[in-house]
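Here's the structure we're looking at; comments come further down.
The shown structure was predicted, so the numbers you read here are calculated from the model rather than taken from an experiment. We name chains A, B, ... by the order of the sequence lines, and we start the count at 1 in each one.
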2 protein chains.
Amino acid sequence: MTDFDLLGIGNALVDVVVQADDAFLAEHRLDKGGMMLVGPDRSDFLYSKMGPATESSGGSCGNTMAGFASLGGRGAYIGKVRDDDFGKVFRHDLDAIGVTFATPPASDGPGTGRCLVLVTPDAQRTMCTTLGAATSLTTADIDEAQVRASSVIYMEGYLFDPPEAKAAFVHAAEVAHAADRKVSITLSDSFCVDRHRAAFAHLVDNHIDILFANEDEIVSLYEAAGFDEAVQAVRGRCEIACLTRSAEGSVIVAGDDVIEVPAAPVDAVVDTTGAGDLYAAGFLYGYTQGKSLAESGAIGGIAAAEVIAHYGARPAVSLRDLLPTG
Amino acid sequence: MTDFDLLGIGNALVDVVVQADDAFLAEHRLDKGGMMLVGPDRSDFLYSKMGPATESSGGSCGNTMAGFASLGGRGAYIGKVRDDDFGKVFRHDLDAIGVTFATPPASDGPGTGRCLVLVTPDAQRTMCTTLGAATSLTTADIDEAQVRASSVIYMEGYLFDPPEAKAAFVHAAEVAHAADRKVSITLSDSFCVDRHRAAFAHLVDNHIDILFANEDEIVSLYEAAGFDEAVQAVRGRCEIACLTRSAEGSVIVAGDDVIEVPAAPVDAVVDTTGAGDLYAAGFLYGYTQGKSLAESGAIGGIAAAEVIAHYGARPAVSLRDLLPTG
């Protein structure tokens with residue numbers, strides 16, 4: 001028995017969520033649906049042009065861990081905030097849902113990272129992230145005992161953006177495998193894949209047991225002509241690949257098996273932020289509870305459906321209450 | 001023609017909004033529906049016990065000014081934040097909606113004030129406020145030229161809690177009246193009235209043209225046996241008294257007139273935070289646009305109905321778009 005079912009490692013960010021229209025995206029040359037890295041000056045400039053906002057804890061992997069805990073899983077998180085208001089918010093929101101978060105905050109340098117999340121009327125989110133303190137995550141922040149004490153470790157592809165974090169990431173994967181643990185990753189977004197394609201492909205071949213990617217990301221990773229070609233490309237490169245397709249559900253590739261999982265129903269999609277993060281939370285919850293791949297994928301779909309029905313990237317209700325009984 | 005239709009003076013706070021149940025309120029001895037002042041240690045303790053939260057700009061008067069601007073009014077705000085993350089959030093959210101906010105932030109002392117808003121399943125909100133930097137608002141922060149340049153000034157009763165702010169408040173009223181401007185106030189909540197009953201009664205008789213109060217507050221102010229008795233008690237003490245009664249709408253007392261205004265319809269009440277603040281925004285928008293008292297009260301009802309249909313105390317849509325045309 002391990003101490004944790006899942007240990008997440010990610011960029012610790014606070015989301016600044018704002019409603020915006022397509023004209024705003026065009027005026028400021030923001031690619032709809034993507035995550036752009038911006039410096040603090042650009043972030044401050046965009047913020048000054050945005051409407052009134054709401055702040056909440058975010059970070060792709062932080063969202064996954066919040067979902068995982070909401071389902072009832074035992075989770076831990078490694079990531080770097082500063083000792084400022086936003087850092088305290090991020091820490092509180094993981095503590096409050098029962099995720100162990102022991103990484104000490106930075107006491108100098110840039111403030112806690114933030115992600116401007118622009119939600120357009122079509123429920124798409126466009127993100128501008130300034131990493132701030134998250135860039136100071138290093139190998140020294142990887143608690144090796146915690147890695148060995150976790151059944152699965154999960155890392156976000158966005159961690160490849162801060163260079164030191166990438167090294168920490170590979171180190172964590174090596175420690176996990178030496179202890180016979182599973183290593184999982186999400187490719188995060190297609191722009192992130194564009195930035196790090198060769199490194200990601202190498203990582204998947206050498207370090208990853210469970211891969212999460214959406215259609216754009218997996219197509220980009222293998223520069224495939226389409227989804228079916230990408231499915232063939234990923235086959236055999238890792239134990240399990242979970243490929244999400246928005247309203248068309250997910251496809252799970254494991255050895256010779258290709259399992260299609262339908263999406264969970266949603267009344268009205270309000271804000272797609274966190275959909276992929278919550279799918280991973282649900283799948284990994286099922287997986288670490290010994291459920292089948294199809295059942296795990298279905299739980300992923302339920303968790304994703306909850307989070308896209310409201311603003312914000314973390315669950316608004318207890319996800320455990322949404323699971324089928326029995 | 002004045003520069004501003006409305007100048008608000010209030011405690012500048014960031015709301016930390018969390019879902020809670022009645023058991024949590026009972027365990028921590030919190031009076032449902034009220035606003036309790038707490039010290040920073042108590043605030044930190046309660047926060048550590050709360051679930052995951054969402055942060056957004058608040059402060060009763062700040063909410064009113066956001067609503068006023070959303071309706072299309074020309075507004076300004078005076079209040080004190082610190083130069084920290086939360087202070088920047090508060091400032092941004094007023095700037096972003098077009099409210100002029102020129103009060104310089106405090107550069108030392110306690111952080112920006114925060115209000116823990118516990119929303120129970122019955123849509124009631126229970127608030128624990130630590131005033132922080134708001135306690136450093138003094139008479140020196142009252143921009144007299146701005147007061148004289150505003151048709152109406154509006155102040156929240158909560159300003160009577162920090163002692164220096166109370167003096168600033170009376171000073172602002174005197175400057176306004178010397179320039180032939182109108183002075184309005186909300187009693188804020190019945191616990192606040194309990195703390196400052198004699199001072200409020202004196203203020204209404206001597207400095208106030210337009211009074212906002214809900215049923216509990218006006219009954220408490222005059223220690224009346226019921227609402228009808230309170231209506232008689234307030235008559236003649238100020239030019240206009242707007243008395244709100246939740247789902248029963250509002251009653252406007254002006255000279256010999258008692259005008260009953262029905263509430264605007266709401267599909268489902270989610271979170272009553274900000275209802276009174278937005279009623280005042282709507283009424284004062286109508287008033288400063290030269291509408292009748294009944295029309296102004298109806299606009300107040302429309303603004304209140306919008307804000308109670310979602311979490312958070314500021315409008316989620318443009319209130320101007322909700323007004324009847326013509």
Problem set entry | Qualifying salt bridge (Lys or Arg N to Asp or Glu O under 4.0 Å) pairs with a residue from residues 65-77 of chain B, counting only residues at least two apart or across chains | B/D5-B/R74
Seminar exercise, completed: Scanning both residues in full, the closest heavy-atom pair of A/E306 with A/A316 reads OE2-N, 3.1 Å
Exercise. Minimum heavy-atom separation for A/L284 to A/V152, with atom names?
Worked result: CD2-CG1, 4.3 Å
Exercise. Do you know which of B/E55, B/R314, B/Q19 has the most heavy-atom pairs with chain A at a distance under 4.5 angstrom?
Worked result: B/E55
Seminar exercise, completed: Max heavy-atom pairs within cutoff under 4.5 Å with chain A, candidates B/A96, B/S48, B/S56, goes to B/A96
Is the shortest side-chain heavy-atom distance between [X] and [Y] below 4.5 Å?
X	Y	answer
B/L6	B/S150	no
B/P315	B/L278	yes
A/Y285	A/L319	no
B/V317	B/L322	yes
B/I78	B/L7	yes

Problem set entry | Stepwise side chain to side chain contact (heavy atoms under 4.5 Å, CB included) check, B/T129 with B/V38 | CA-CA 6 Å; B/T129 300; B/V38 297; 6.0 Å; no
Seminar exercise, completed: Contact list (residues 79-94 of chain A to chain B, heavy-atom gap under 4.5 Å, by number) returns A/D84, A/D85, A/F86, A/K88, A/V89, A/H92, A/D93
For this session: Enter the distance from B/N63:CG to B/D15:CG here, rounded to the nearest 0.5 Å.
Result: 6.5 Å
Exercise. Could you name the residues of residues 101-118 of chain B that have a heavy atom within less than 4.5 Å of a heavy atom in chain A?
Worked result: B/R114
Exercise. Who passes side-chain contact (heavy atoms from CB on, under 4.5 Å) against A/K32, sequence neighbours left out?
Worked result: A/D22, A/L25, A/T120, A/D122, A/Q124, A/T126
Problem set entry | Segment of A/Y47 engaging chain B (4.5 angstrom heavy-atom cut-off) | both
